[in-house]
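As the structure is a computational prediction, the values presented were derived from the model and not from experiment. Each ligand, and each atom within it, is numbered from 1 in the order the structure gives. Atom set for the values below is all heavy atoms of this structure, side chains included, hydrogens, waters and symmetry mates excluded.
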Amino acid sequence: MRLLHTADWHLGRTLGGHSLHQDQEYLFAGQFLQMVRDTRPDAVLIAGDIFDRSVPPADAVELLDEILHQLIRGLGVPVVLIPGNHDDARRLAFGARLLAGGGLHIADSPLGRAWEFHDAHGPVSIVATGYATPLLLAQKLPQAGVIADHDGGMARLAPLLHGLCPAGQRRVLVAHAFVAGGTETESERGLSVGGSGQVGVAHFAGFHYVALGHLHRPQTLGGGRLRYSGSPLAYSTSEADQQKSVTLVELDAQGGVATTELPLAPRHPLRVLRGDFATLLAATSPDYLALELTDALPVAEAQRRLAERYPRIIGLRWVAEALPASATALSAAGRALSPLAQFEAFHQAMRGAPLPDAARPVVIAALTAAGPA
Ligand SMILES: [Mn+2]
């Protein structure tokens, strides 16, 4: 069986105040649909965080509707999708029982749903469980007692999920969780306040493939059976270096798995760009840019002028270039200077300019308050 695994679409997301709608439309309506046309999977799995927020913008809902229509009606490929921690599970489940007959399989219960798919080797159970808090699981499973954390939740849930699958069938699980051993970026929203929100790999025993969502970096765990496809777009500066992709999964007759990363190319890549103001001002780029200024300027002024050259700035910060040795090691001559003179030398080294007269009384007051060295 051939599956396309993706997750964390975050439709409706903004980045640094810029709507990503057109970039998402470009990626999903263009490259992703073409990928499905080229690979002809038996199903597409979308492992949660379909939308960026529980009540998404109308443009985002319309885009999802169009993509699902093209996949299921246009290409004849069924879709399995689950809510993530950014989605509102009940809103996403609207019409789920009606839609399942038309090829759209939505995990509309926190206790999981299973559907039977077929390939040349026989049936495959695809079982799907949306993100659920420990509290919600405890409410749905009153006999389970206190469920203290996500790990305890998955421990209770796993046997129920297996119970949804007929014996002897190959089993694929779609889930949204932070599996221990995975690596975060800066764009996941934490699953718990205090505690890690992580669940152990061992709970996923017995599934031939686990299609995971939540972590935005593509990665494989559990000896290859568990995988995060990662998000299709970079949603934070920490992802600037990541090649985003969709995972192609080949499940053989015995349940053995081989995965391939199918790369995606964003319309406007997210990059970190470092330079001095004059150099940055002399260039231009349509990309999403986290700018790092190496010379000190009033930030609001710099941002205003750079925005004329770069329409998609997502952040601007001042960074010091590598410090000269004179700024990091105090020489014998330096030690002989007064604290004020040392600070003036430090300011000169860091900012490339003398300490402004207006700042001197502030520094003197601070040095006096700090007491004798
Ligand atoms: Mn996410």
To make sure I understand the geometry: which N, O or S atom in [X] is closest to the Mn ion (ligand 1)?
X: Asp49; value: OD2
X: Asp8; value: OD1
X: His10; value: NE2

Shortest non-hydrogen separation from [X] to [Y] and the atoms involved:
X: Ile106; Y: Ala96; result: CB-CB, 4.0 Å
X: His5; Y: Leu212; result: NE2-O, 3.0 Å
X: Gly256; Y: Asp252; result: N-OD1, 2.7 Å

Review point. Within less than 2.8 Å of the Mn ion (ligand 1), any N, O or S from His214?
Key: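 Checking the Mn ion (ligand 1) against His214, no N, O or S atom falls under 2.8 Å.
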Practice item. Please assess Ser238 against Arg217 for the test side-chain contact (heavy atoms from CB on, under 4.5 Å), listing each intermediate value before the final yes or no. Key: CA-CA 10 Å; Ser238 68; Arg217 176 191 298 277; over 6 Å; no
